[in-house]
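Remarks on the structure that follows.
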Amino acid sequence: MTLTELGEEAAAAAEMMAEAARLARRVQVSAADVGAKSDQSPVTIADFAVQALVARRLGTRFPGDPLVAEEDAAALRDDPAGALGARVAEVIAGVEPGLGMGDLLDAIDRGRGEPSGRYWTLDPIDGTKGLLHGGQYVTALALVIDGAVVVAAIGCPRLSLRGATDADGGVAVAARGRGSWWMPMSGGAPLARLTVSGQSDPAAARIADSREAAHSDRVRQDAMLKALGCQAAPVLMDSQAKHVAVAAGDADVLVRFPRAGYREAIWDQAAGALVIEEAGGRVSDLAGRPFDFSTGRRLTRNEGLVATNRRLHDAVLAAIARGTT
Ligand code: AMP
Ligand code: MG
């Protein structure tokens with residue numbers, strides 16, 4: 001399979017995420033390059049630079065399409081003389097020479113688009129904490145049409161899949177009906193197919209889990225693991241690298257129990273969901289409902305996430321029902 005055969009949008013998404021992942025890897029993020037958002041989560045020059053880069057590339061290739069992205073330029077506009085903005089400009093100059101500060105901030109704010117019938121959604125750096133602490137992080141982009149993901153690409157600068165001979169990272173790319181594939185971050189080369197595991201024994205299931213305990217309800221998670229009879233060691237990773245691990249058969253199950261009231265952001269789920277489904281897996285919320293990406297920036301009609309190699313899906317849903325009642 002070649003990129004072109006996956007279709008125009010998938011090829012473009014894969015190229016954008018490869019470029020974004022290379023950019024993120026080049027940026028040496030130091031403590032001075034980290035700001036805090038209003039919810040106190042960290043945001044780095046890499047988040048802003050990748051969002052600006054992808055917004056510029058999308059604006060050229062698909063000028064009519066809205067972009068719904070995690071970040072906005074408010075923090076940079078509030079502090080025009082700040083070090084963070086200057087560093088973002090410096091990083092972007094390497095890939096988009098001649099872009100003035102005004103255009104740079106406007107590019108970042110292009111991510112304030114409305115999720116409508118057809119839109120792109122971007123998490124410029126998913127797993128910012130992983131980036132800062134030497135763990136996994138990804139760049140994630142998806143195209144949604146009428147509430148369903150049709151194209152996805154996830155740039156994974158630090159991920160090496162089972163059987164890989166190096167830790168050079170790669171890009172997972174999926175197009176609805178055309179499979180999930182793994183591409184080197186340098187681009188080119190034929191794509192390698194991603195397929196989920198054949199594991200059907202819940203006791204042996206390898207559970208992919210967040211490294212961030214605060215991102216899920218551990219009590220419900222532990223009750224589910226007990227009900228499932230799971231004995232295998234978990235696979236701990238930040239970001240949608242977990243989704244890629246399930247798609248590649250390096251983990252079998254991924255479950256996210258949100259804390260009370262939390263609704264998943266579309267950019268945290270869209271790309272990962274299609275990459276798993278096109279690798280033969282299944283994705284739903286905790287109640288077994290498919291995701292509905294037509295409800296705005298958050299998945300308000302869904303709660304949590306269950307992603308599996310398909311064979312284990314019903315067993316996991318049953319364990320959730322048993323563990324929480
Ligand atoms: P992970 O690495 O799987 O923990 O996922 C990282 C993502 O979790 C971030 O991109 C955030 O958007 C998202 N996140 C932030 N706060 C929460 C929360 N309280 N519950 C669930 N997810 C969260
Ligand atoms: Mg995220």
Side-chain angles (χ1 to χ4, degrees), residues 37-43 47 51 67-72 111-116 119-130 136-150 152-154 172 174 207-221 224 236-247 251 253-277 281-308 313 316-317 320 324:
K37 290 191 269 191
S38 51
D39 64 358
Q40 294 310 309
S41 62
V43 57
D47 295 68
Q51 183 156 325
L67 172 64
V68 184
E70 178 168 12
E71 309 303 339
D72 62 59
R112 290 175 178 268
E114 282 296 316
S116 54
Y119 67 88
W120 295 83
T121 186
L122 170 73
D123 196 339
I125 299 288
D126 182 24
T128 304
K129 288 177 185 164
Q136 291 297 331
Y137 68 96
V138 304
T139 65
L141 180 67
L143 173 63
V144 176
I145 298 181
D146 295 336
V149 189
V150 295
I154 304 180
I207 314 285
D209 203 348
S210 177
R211 295 183 63 88
E212 200 58 49
H215 286 174
S216 55
D217 181 335
R218 310 311 302 182
V219 174
R220 292 173 78 194
Q221 173 91 0
M224 183 272 299
L236 299 179
M237 288 178 179
D238 298 292
S239 81
Q240 285 166 82
K242 291 188 280 296
H243 296 69
V244 179
V246 171
V253 171
L254 166 56
V255 180
R256 197 169 183 85
F257 290 96
R259 301 238 162 158
Y262 186 85
R263 284 292 178 271
E264 303 293 332
I266 53 176
W267 51 81
D268 280 331
Q269 301 298 333
L274 188 67
V275 165
I276 290 177
E277 286 176 350
R282 194 176 146 194
V283 177
S284 73
D285 72 1
L286 294 171
R289 290 177 298 233
F291 282 141
D292 177 356
F293 287 98
S294 71
T295 62
R297 291 170 72 89
R298 300 267 161 185
L299 292 161
T300 56
R301 292 201 193 113
N302 296 104
E303 193 197 6
L305 162 72
V306 181
T308 68
H313 210 85
V316 172
L317 289 178
I320 291 167
T324 54

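What's counted below: heavy atoms across the whole structure, side chains too, no hydrogens, waters or symmetry copies.
Under 4.0 Å is where a charged nitrogen must lie from a carboxylate oxygen, and between R112 and D72 at least one such pair does.
The OG1 atom of T300 sits 12.5 Å away from atom CD of E264, with the distance rounded to the nearest 0.5 Å. With rounding to the nearest 0.5 angstrom, the NE2 atom of H243 is 4.5 Å from the CD atom of Q269. Expressed to the nearest 0.5 Å, how far CD of E70 lies from CG of D47 amounts to 7.0 Å. Residue R282 holds its CZ atom at 4.0 Å from NE2 of H313, rounded to the nearest 0.5 Å. Considering CG of D292 and CZ of R301, their distance stands at 5.0 Å, rounded to 0.5 Å. Atom CG in L254 sits 6.0 Å away from atom CD1 in I276 (nearest 0.5 Å).
Between V138 and Q240 there is a side-chain heavy-atom pair separated by less than 4.5 Å. Contact of the E277 side chain with the V149 side chain is not registered, since no non-hydrogen atoms from C-beta on lie closer than 4.5 Å. Put simply, the side chain of L122 does not reach to within 4.5 Å of the side chain of W267, judged on heavy atoms. Within the 4.5 Å cutoff, the side chain of I266 has heavy atoms near those of the Y119 side chain. Put simply, the side chain of L317 reaches to within 4.5 Å of the side chain of S284, judged on heavy atoms. You'll find the side chain of M224 reaches within 4.5 Å of the side chain of F257, heavy atoms only.
Around CZ of R263, the count of heavy atoms belonging to other residues, nucleotides or ligands within 6.0 Å exceeds 12.
Closest non-hydrogen pair, K242 versus M237, comes out as NZ-O, 2.8 Å. Residues P124 and E71 come closest through the heavy atom pair CG-CG, 3.8 Å. Considering every non-hydrogen atom in both S216 and R259, the closest pair reads O-NE, 3.3 Å. The two atoms that bring I154 and A271 nearest to each other are CG1-CB, 3.8 Å, heavy atoms only. The minimum heavy-atom distance linking R298 with Y262 is given by the pair NH1-OH, 3.4 Å. Scanning both residues, R256 and S210, for their nearest heavy atoms gives NH1-CB, 4.2 Å.
For the pair Q136 (side chain) and A241 (backbone), a donor-acceptor distance under 3.5 Å is absent. For the pair T128 (side chain) and V43 (backbone), a donor-acceptor distance under 3.5 Å is absent.
Exactly one residue among N302, L286, L305 makes a side chain to side chain contact (heavy atoms under 4.5 Å, CB included) with P258. That residue is L286.
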Next item on the list: Test D238 against H215 for side chain to side chain contact (heavy atoms under 4.5 Å, CB included), laying out the working first.
Entry: CA-CA 10 Å; D238 298 292; H215 286 174; over 6 Å; no
